[in-house]
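Below you'll find the structure, written out as structure tokens, and then a few comments.
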Amino acid sequence: MNIHEYQAKELLSQYGVATPTGKVAFREDEAHQIAKDLNVERFVVKAQIHAGGRGKGGGVKLATTLDEVKRIASEILGMILVTHQTGPEGKLVQKVLVEEASEIEKELYLGMVIDRSREQIVIMASREGGMEIEEVAKKHPAKITREYVNPTIGLLPYQCRKIAYFLGLEGKSVNKAVKFISGLYQLFTEKDCSLAEINPLILTKSGDVFALDAKMNFDDNALFRHTDIEKLHDPSEEDPTELEAKKWGISYVKLDGNIGCLVNGAGLAMSTMDIIKHHGGEPANFLDVGGGANTEQVTQAFKMILSDPNVKAIFVNIFGGIMKCDTIAEGIITAAKEVGINVPLVVRLEGTNVELGRKMLSQSGLNIITGADMREAAKKVVESTQAG
Ligand code: ADP
Ligand code: MG
């Protein structure tokens, strides 16, 4: 689960990690009032969306007067902000963070993620802050340091100092960075984060170390023990189809391709996407209806796949274990009646009640292409999109 920058900054300050003072506003007059209460000379108004690259996209602006804050807030609120992370359709801005503008001496980078192969948290740091870290990693890998944390011992002060020195910090700023990094680590572990990225982490002209931006992700499977974090969920930031899927107990992730996939089981869904790619196609989605889906869920799954205008063909790949093939057949037939499937439909069925399922499909009058096995079906579905 993702949260907004303003929410991340509130959490950070609870853990003693320094951030500029500020508050979220939903309306321009609120922004004006917040700026007034801040009682400082320079302000920043920042669009709050679940995507980075806001600065370049025009979603982060400096202001020097209260009226300017109000005007900028009114411009940013309601705008469709397009960044390299939002895709060309952009995202509607519904709130802004109004905070004190910092006197930036240097923009640095600090990130924490879980390194799955090492089974450890890794802290990454670089002097190249404000830039995209993926670019730095590609072009100048030596400019990034990595510090692994032994989960039994936890993060040690010398590791924080090492990072601070790598970042080129000196004197009292080193101690401030140590407090910063250990606070962030404590937050990361206590709240079951999967990612924390401070880009930029800044050194101010007066030697302070601040989180100027904050991106945090949390492990969905651990949310049950963090009701405070769960409350930060903002459904308006999610893909509406993915939200709808959750309601129905379906795992759906939208992708960029044109072959809709309806599969049971996450493992088979992954290999379905692989085999589509293997034959030169591109999946339009990941979709796992689950092991024991009913007709209603299957119908719903079809509706979701068809709601994506990019879909040029559908690949149904079912291994009936708990799920019976006749249930799937019934779902396909119902969905075809309800929503009308007007793209090629390739079905590969195997497992429990397969004969009954195949019979139902062949008697349905629907135009279904069948595949004897997964490979043949994948080939056929890719060909059906290439034929136009
Ligand atoms: P994004 O990563 O989405 O572009 P950031 O929060 O990193 O958004 O802001 C982009 C840039 O705007 C920062 O690199 C920094 O130069 C400037 N900026 C952001 N917040 C402040 C602030 N409080 N004071 C001064 N400059 C800021
Ligand atoms: Mg940033």
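Numbering of ligands and ligand atoms starts at 1, following listing order. Side chains included, hydrogens not; waters and symmetry mates left out as well; all remaining heavy atoms used.
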Could you check which N/O/S atom of D213 is closest to the Mg ion (ligand 2)? OD2
Group every Ile, Leu, Val, Met, Phe, Trp and Tyr by side-chain heavy-atom contacts under 4.5 Å, then state whether L195 and L12 land in the same group. no
Closer than 4.0 Å and a protein heavy atom, does any atom meet both conditions relative to atom 11 (C) of ligand 1? no
salt_bridge(E99, K9) N-O dist < 4.0 Å: yes
Below a 4.0 angstrom heavy-atom separation, can you tell me which part of K46, side chain or backbone, both or neither, approaches ligand 1? side chain
Donor + acceptor pair across side chains of S236, Q94 (<3.5 Å): yes
Distance from atom 22 (C) of ligand 1 to nearest protein heavy atom, with residue and atom: V44 CG2, 3.4 Å
Who's the nearest protein heavy-atom neighbour of atom 25 (C) of ligand 1, and how far? S102 N, 3.5 Å
Any side-chain donor paired with an acceptor under 3.5 Å for N258 and T385? no
Could you check atom 15 (C) of ligand 1 against the protein and tell me its nearest heavy-atom contact, residue, atom and distance included? E107 OE2, 3.3 Å
Starting from L169, can I reach I202 by hopping between I/L/V/M/F/W/Y residues whose side chains sit under 4.5 Å apart? no
Taking 4.0 Å as the limit for heavy-atom contacts, which would you say applies to I104 with ligand 1: side chain only, backbone only, both, or neither? side chain
